[in-house]
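A short worksheet on the structure shown next.
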Amino acid sequence: MLFLIFILSIYFAVILLLIYGFTKVKSYDVIGLKPKTTFTIVVPFRNEAENLPLLLESISKMNYPMDLFEVILVDDDSDFRFQISDLRLL
């Protein structure tokens with residue numbers, strides 16, 4: 001029992017030290033740096049014609065340069081057929 005109390009005391013002391021340490025970390029704002037990282041969003045879908053425009057609208061509202069990411073739509077044998085022009089990016 002005494003050993004358990006000792007272990008719990010050490011555990012709580014470490015947690016308190018971590019909390020104290022995290023409060024000492026200084027935050028900083030990066031101003032003037034432009035994003036450089038490119039990435040790809042892959043969207044697999046099947047029979048989701050009504051949800052795709054909402055998804056693409058949400059992606060278009062990202063605060064990230066459009067030339068640094070791409071969106072790939074992967075149709076998994078949907079029952080409907082569509083044209084790319086049907087999925088307008090707003």
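The figures that follow rest on heavy atoms only: side chains count, while hydrogens, waters and symmetry mates do not. Predicted model only: the values in this text are computed from it and were never measured.
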Is any side-chain heavy atom of [Y] closer than 4.5 Å to one of [X]?
X	Y	result
F45	N51	no
V71	F69	yes
L68	P35	yes
V43	V74	no
Y11	L16	no

Are [Y] and [X] linked, directly or through intermediate hydrophobic residues, by side-chain heavy-atom contacts shorter than 4.5 Å (ILVMFWY only)?
X	Y	value
Y28	L33	yes
V42	Y64	no
V25	Y20	no
I5	V14	no
L56	F39	yes

Which distance, rounded to the nearest 0.5 Å, do you find between the [atom1] of [X] and the [atom2] of [Y]?
X	Y	atom1	atom2	result
L73	I41	CG	CD1	10.0 Å
N47	D75	CG	CG	8.0 Å
E48	L54	CD	CG	10.5 Å
I59	M66	CD1	CE	9.5 Å

